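Everything on this sheet refers to the single structure shown next.
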Amino acid sequence: MTTTAESIAPLHAEMTAWRRDLHAHPELGFQEARTAGLVAQRLESFGIEVVRGVGRTGVVGTLRAGTSGRAVGLRADMDALPIAEANAFAHRSRHAGLMHACGHDGHTAMLLGAARHLAQTRRFDGIVHFIFQPAEEGLGGARAMIEDGLFERFPCEAVFGMHNRPSLGVGRFAVRSGPMMAGGAFFDIHVTGRGSHGARPEAGVDSALVAAQIAVSLQSIVARNVAPLQSAVLSVTRIQAGDAYNVIPQSASLGGTVRAFSRDVMRLVEDSMRRVAAGTAEAFGARAELDFRELFAPTVNHPEEAEFAARICTELVGAEQVERQPPLNMASEDFSYMLERVPGCYLNIGNGGAEGGCEVHNPGYDFNDAALPLGAAFFARLVETRFPARGAAAVA
Ligand SMILES: [Zn+2]
Ligand SMILES: [Zn+2]
């Protein structure tokens, strides 16, 4: 018997309690001490071997059944965001200014549910590494785990990760072969002018004005330098200058993010930004320096693993509930670095339809707990199908 959403339903209440507890106690990337501690304790209570501190606050649990040495990695992310929660329900964030606005509380609860179920039932012949990753939200948690020897210490023939999608109804999945999400970078531009009295602009070089001009000029890059059939996003999301009403600030800074589906386009945008920032500043007699940091590679699914994941989804919910050509997503995901090391697939699980539901990274977001059994069943069934127990009918 292979796992279905129904057969894992007895864990639904417990997974919901875990998820809401995590939601109430959000922690930023690399600060997931409480979260990682709870994950490790629970895995151990299921009889799973645990290694803590992989990539700083990451946790890996390993479960073996039968005699096969084949291993698969299943990954969830654990970090929250610096967003002040707008929700008023009982499990709202207890930590001011922080919230689980991306559903990583749900991802963690789903993978814990799968771990508990697989540890109880053990209907497979192989090894599962449950990878609980820190710092997915732009701080490089996947890379930290990889640099800490993740795939040398826990070798995997394939790795799978899943993210909720509020625009997809509960009971649905979306998965495609090839590019799934964009690569991304964060940038800062430091502008140096010359400070002066606010009433004597002729004595200074106004860094605030220069920063504003740079913000406008940067918008020509995607419009005029990137080829129309390619795609990229350049968003200036922060501009900071000055502290007083009567001081022209000496320095200013801009920050933001760039996304693209290829490394070539990413490089083109970076080079153009450097030119536009420096040239604009020079036109005003100021200086500008760009600090451009790649944070995510494009997320590209491997064809065989994408097919395999789609098959598991289809078995769980039926072909008509599985979107095979979902639109490309300009958001980024650092699971991409795991996919650069090991074949695998990243897919979306439907999370829409809850009362008051909204998009991720919104202060009113909450993971829809109705999706928990399906996500856990996906991971469990994937393991049972990939590594059939001896004596069980092998599924071709
Ligand atoms: Zn996010
Ligand atoms: Zn996320």
Side-chain angles (χ1 to χ4, degrees), residues 27-44 46-79 104 107-108 110-112 114-115 118-119 124-163 181 183-185 263 293-302 304-305 309 332-346 379 382-383 386-387:
E27 295 172 303
L28 291 178
F30 294 126
Q31 297 171 29
E32 306 94 335
R34 180 184 185 276
T35 308
L38 280 175
V39 164
Q41 272 171 21
R42 291 205 181 108
L43 291 171
E44 281 170 343
F46 311 152
I48 291 174
E49 272 169 53
V50 172
V51 179
R52 294 167 166 82
V54 182
R56 296 164 65 179
T57 40
V59 175
V60 180
T62 299
L63 177 66
R64 293 163 219 273
T67 54
S68 166
R70 291 176 64 192
V72 70
L74 306 176
R75 173 274 204 176
D77 39 17
M78 302 189 290
D79 56 322
H104 299 184
H107 305 163
T108 298
M110 289 192 292
L111 190 55
L112 280 174
L118 286 165
F124 66 98
D125 185 9
I127 302 167
V128 192
H129 298 302
F130 301 96
I131 302 167
F132 291 87
Q133 184 205 303
E136 192 285 324
E137 297 284 1
L139 294 173
R143 271 200 286 199
M145 289 191 92
I146 291 166
E147 283 162 12
D148 203 5
L150 176 65
F151 293 123
E152 290 78 33
R153 296 159 71 186
F154 310 97
C156 299
E157 65 175 38
V159 64
F160 295 87
M162 184 158 56
H163 205 292
M181 298 180 83
R263 289 183 180 276
R293 307 180 295 279
E294 182 198 278
L295 295 171
F296 312 93
T299 303
V300 183
N301 283 337
H302 296 244
E304 270 178 42
E305 283 68 28
S332 301
E333 169 55 67
D334 81 349
F335 187 65
S336 54
Y337 291 104
M338 296 195 186
L339 291 178
E340 285 188 336
R341 296 299 180 101
V342 176
C345 176
Y346 177 82
F379 282 128
L382 181 156
V383 172
R386 196 168 185 98
F387 303 147

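For clarity, every value in this text was computed on a predicted model and none was experimentally measured.
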On a heavy-atom basis, which atom in [X] and which in [Y] lie closest, and how many Å separate them?
X: Gly61; Y: Leu43; answer: CA-CD1, 4.0 Å
X: Val39; Y: Val59; answer: CG1-CG1, 4.1 Å
X: Val72; Y: Cys156; answer: C-SG, 4.0 Å
X: Phe154; Y: Val54; answer: CE1-CG2, 4.3 Å
X: Ala297; Y: Arg263; answer: CB-NH2, 3.3 Å
X: Leu382; Y: Phe160; answer: CD1-CG, 3.6 Å

With under 30° as parallel and over 60° as perpendicular, where do the rings of Tyr346 and Phe335 fit, or are they tilted in between?
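Ring orientation of Tyr346 relative to Phe335: tilted.
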Under 4.5 Å between any side-chain heavy atoms of [X] and [Y], yes or no?
X: Arg341; Y: Tyr337; answer: no
X: Thr35; Y: His104; answer: no
X: Met145; Y: Val60; answer: yes
X: Phe124; Y: Leu63; answer: yes
X: Arg386; Y: Glu157; answer: yes
X: Met338; Y: Ile146; answer: yes

Separation of [Y] [atom2] from [X] [atom1] (nearest 0.5 Å):
X: Leu28; Y: Asp79; atom1: CG; atom2: CG; value: 8.0 Å
X: Leu339; Y: Cys345; atom1: CG; atom2: SG; value: 7.5 Å
X: Leu74; Y: Met110; atom1: CG; atom2: CE; value: 11.5 Å
X: Asp125; Y: Arg70; atom1: CG; atom2: CZ; value: 9.5 Å
X: Phe46; Y: Leu118; atom1: CZ; atom2: CG; value: 11.0 Å

Arg52: partners by side chain to side chain donor-acceptor pair (under 3.5 Å), with sequence neighbours left out:
Glu44
Sequence neighbours excluded, which residues qualify as side chain to side chain donor-acceptor pair (under 3.5 Å) partners of Glu304?
none
Could you pull out all residues at least two apart from [X] that satisfy ring-ring contact (aromatic ring centres under 6.0 Å, His included)?
X: Phe130; answer: none
X: His302; answer: none
X: Phe296; answer: none

Exercise answer: donor-acceptor pairs, residues 132-142 side-chain atoms, under 3.5 Å, sequence neighbours excluded:
| unit_1 | atom_1 | unit_2 | atom_2 | d |
| --- | --- | --- | --- | --- |
| Gln133 | OE1 | Arg75 | NE | 3.0 |
| Gln133 | OE1 | Arg75 | NH2 | 3.0 |
| Gln133 | NE2 | Asp334 | OD1 | 2.9 |
| Gln133 | NE2 | Asp334 | OD2 | 3.3 |
| Glu136 | OE2 | Asp334 | N | 3.1 |
| Glu137 | OE1 | His361 | NE2 | 3.3 |
| Glu137 | OE2 | His361 | NE2 | 3.3 |

We want to know whether Glu333 and Thr299 form a side-chain donor-acceptor pair, criterion being a heavy-atom distance below 3.5 angstrom.
no
Evaluate the side-chain contact (heavy atoms from CB on, under 4.5 Å) criterion for residues His163 and His107: first the C-alpha distance (whole Å), next the side-chain angles of each, then the deciding distance (0.1 Å), finally the verdict.
CA-CA 7 Å; His163 205 292; His107 305 163; 3.3 Å; yes
Just do the side-chain contact (heavy atoms from CB on, under 4.5 Å) check on Leu150 and His129 with the steps written out, would you?
CA-CA 10 Å; Leu150 176 65; His129 298 302; over 6 Å; no
Can any side-chain N or O of Thr108 pair as donor or acceptor with the backbone N or O of Asp77 at less than 3.5 Å?
yes
